[in-house]
There are 2 protein chains.
Amino acid sequence: MESRRDSLIEAAARLLDAGGPAAVTLRDVGRAAGVSHNAPYRHFADKDALLAAVASRELAGNTPPEGAQPQAKAMIKAYVAWALRRPERFRLVFGRWNHADDTLGDAADDARSALIEAVKRAQTAGDLPAAEPERLTALLLALAHGAADLALSGHLAADGKGQASPQDLVEDLFAYLKTSAGPPRASGSG
Amino acid sequence: MESRRDSLIEAAARLLDAGGPAAVTLRDVGRAAGVSHNAPYRHFADKDALLAAVASRELAGNTPPEGAQPQAKAMIKAYVAWALRRPERFRLVFGRWNHADDTLGDAADDARSALIEAVKRAQTAGDLPAAEPERLTALLLALAHGAADLALSGHLAADGKGQASPQDLVEDLFAYLKTSAGPPRASGSG
DNA sequence: ACCTGAACACCGTTCAAGT
DNA sequence: ACCTGAACACCGTTCAAGT
């Protein structure tokens with residue numbers, strides 16, 4: 001059963017997808033949910049808290065179910081596919097957050113933990129080098145995030161022939177890593 | 001000599017740095033430049049055009065001078081350092097742009113071209129694998145961009161010990177690439 | 001406990017008018 | 001050619017009041 005709170009979140013997400021953050025006004029959110037423009041204040045402290053709830057729901061929806069053991073590469077590619085498919089939600093999740101919303105932080109931690117476990121399995125299988133799992137995960141995530149974000153803003157490559165897609169770059173990185181001798185011990189960690 | 005147009009751009013950049021995009025109001029821009037709140041309309045079509053001018057100036061300021069031959073790794077690290085030092089300008093440059101401003105696109109092309117040339121030199125020197133330069137450049141840029149953006153939003157790694165900095169990840173990638181046998185020919189390009 | 005309508009301060013933009 | 005002050009529509013937020 002969908003609570004009023006849920007329907008407000010859903011209305012905000014739809015408006016976000018359709019017209020970007022500028023289109024998410026409390027007046028339109030209220031209208032879409034069949035309430036007045038300030039009814040949302042009974043469920044969220046302010047507009048930012050409503051958007052944080054949209055972001056949390058999105059992150060949680062993308063975290064694999066407990067017990068699942070997806071491949072690291074498949075997870076990274078799913079991350080990129082999500083960013084390209086839902087650009088406004090992707091940008092919202094990684095946007096500016098004043099109230100450090102715990103729900104959002106926890107959802108992000110869960111997603112990252114699942115990815116780290118998948119990276120460890122890939123290392124055991126010999127598909128990824130035997131580096132620190134957290135740090136190698138950060139490398140993979142950074143490439144996927146950057147490729148997706150640059151593609152969305154049109155800055156990944158010049159217009160024209162033979163552009164590499166974000167998914168191509170993910171493939172490239174995994175290929176490079178598989179045949180690499182690994183990072184030097186000398187590099188710092190802070 | 002600073003034109004009024006320049007002083008409006010400068011005022012907008014300062015307000016952006018100090019308080020994020022929400023702090024860049026035409027009223028405050030005008031006040032900082034000593035004019036009324038709608039004087040900017042004599043120099044820019046609208047607020048978006050003013051912000052585009054701020055972004056263009058920022059991109060142009062980061063492009064190495066004609067004839068310089070900086071190292072690819074140094075350019076990538078400078079890119080990351082810029083993002084961490086001027087987060088609001090970094091986010092502005094890669095944000096949403098409705099009017100496809102030609103000035104902005106051209107500045108971005110110049111910056112990318114300089115990086116591609118540096119990547120070619122590194123390939124010749126044997127520091128980077130002999131892949132397609134444009135595609136390898138996209139890989140490096142995507143990692144740098146993603147590492148910086150995730151660090152800024154606090155999503156690069158969980159809080160706690162031994163976090164890798166964005167600069168560490170750049171070092172890691174260059175190290176992996178140097179010892180790699182290169183990407184397989186089989187991977188697609190679109 | 002949840003909702004509404006009026007009101008407030010603020011913002012981007014337009015416009016008539018000035019030099 | 002450039003600037004100003006008033007005005008308009010819009011938005012987030014608050015508040016008194018209702019059930």
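This is a predicted model, so every value here is computed, not measured. We name chains A, B, ... by the order of the sequence lines, and we start the count at 1 in each one.
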Open item on the list: Between B/Asp28 and A/Val35, which residue's closest nucleotide on DNA chain C lies nearer the 5′ terminus?
Closed with: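 So the residue in question is A/Val35.
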Task: Reading 5' to 3' through nucleotides 12-19 of chain D, protein heavy-atom contacts under 4.0 Å coded B for base, S for sugar-phosphate only, - for none - done: BBBB----
Open item on the list: Rounded to whole Å, please give me the gap between CZ in B/Phe44 and P in D/dC2.
Closed with: 12 Å
- [ ] Return the value, rounded to whole Å, for the distance between atom CZ of B/Arg31 and atom C1' of D/dT4.
- [x]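 So the two atoms are 15 Å apart, to the nearest Å.
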Open item on the list: List the residues meeting side chain to side chain donor-acceptor pair (under 3.5 Å) with B/Asp106, not counting sequence neighbours, and say none if there are none.
Closed with: none
- [ ] Using side chain to side chain donor-acceptor pair (under 3.5 Å) as the criterion, list what pairs up with B/Arg5, not counting sequence neighbours.
- [x]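 Not a single residue meets the side chain to side chain donor-acceptor pair (under 3.5 Å) criterion with B/Arg5.
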Task: Inter-residue atom distance B/Leu152.CG - A/Phe94.CZ, 0.5 Å rounding - done: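 The CG atom of B/Leu152 sits 12.5 Å away from the CZ atom of A/Phe94.
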Taking all atoms of both residues into account, what is the closest heavy-atom pair of [X] and [Y], and its distance?
{"X": "B/Val119", "Y": "B/Pro133", "answer": "CG1-O, 4.2 Å"}
{"X": "A/Ser180", "Y": "B/Thr179", "answer": "OG-OG1, 2.9 Å"}
{"X": "A/Pro129", "Y": "A/Gln123", "answer": "O-NE2, 2.8 Å"}

Open item on the list: Does C/dA1 have OP1 or OP2 under 4.0 Å away from a side-chain N or O of A/Arg4?
Closed with: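 It does not, given that no N or O in the side chain of A/Arg4 lies less than 4.0 Å from OP1 or OP2 of C/dA1.
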Task: Those residues that, when tested against B/Arg57, pass salt bridge (Lys or Arg N to Asp or Glu O under 4.0 Å) (two or more places apart) - done: B/Glu10
- [ ] Please test B/Leu173 against A/Leu173 for side chain to side chain contact (heavy atoms under 4.5 Å, CB included), starting from the C-alpha separation and ending with a verdict.
- [x] CA-CA 9 Å; B/Leu173 179 59; A/Leu173 180 59; 3.7 Å; yes
Task: Range-with-range stems for DNA chain C, at least three Watson-Crick or G-U pairs under 3.5 Å - done: C:4-8 with D:12-16, C:12-16 with D:4-8
Task: For DNA chain D, the residues among residues 8-22 of chain B that have a non-hydrogen atom under 4.0 Å from it - done: none
- [ ] Could you tell me whether B/Arg86 atom CZ has more than 12 heavy atoms of other residues or ligands within 6.0 Å of it?
- [x]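 Check passes, neighbour count above 12.
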TODO: Could you walk me through whether B/Asn62 and B/Tyr79 pass side chain to side chain contact (heavy atoms under 4.5 Å, CB included), step by step?
DONE: CA-CA 8 Å; B/Asn62 283 24; B/Tyr79 178 91; over 6 Å; no
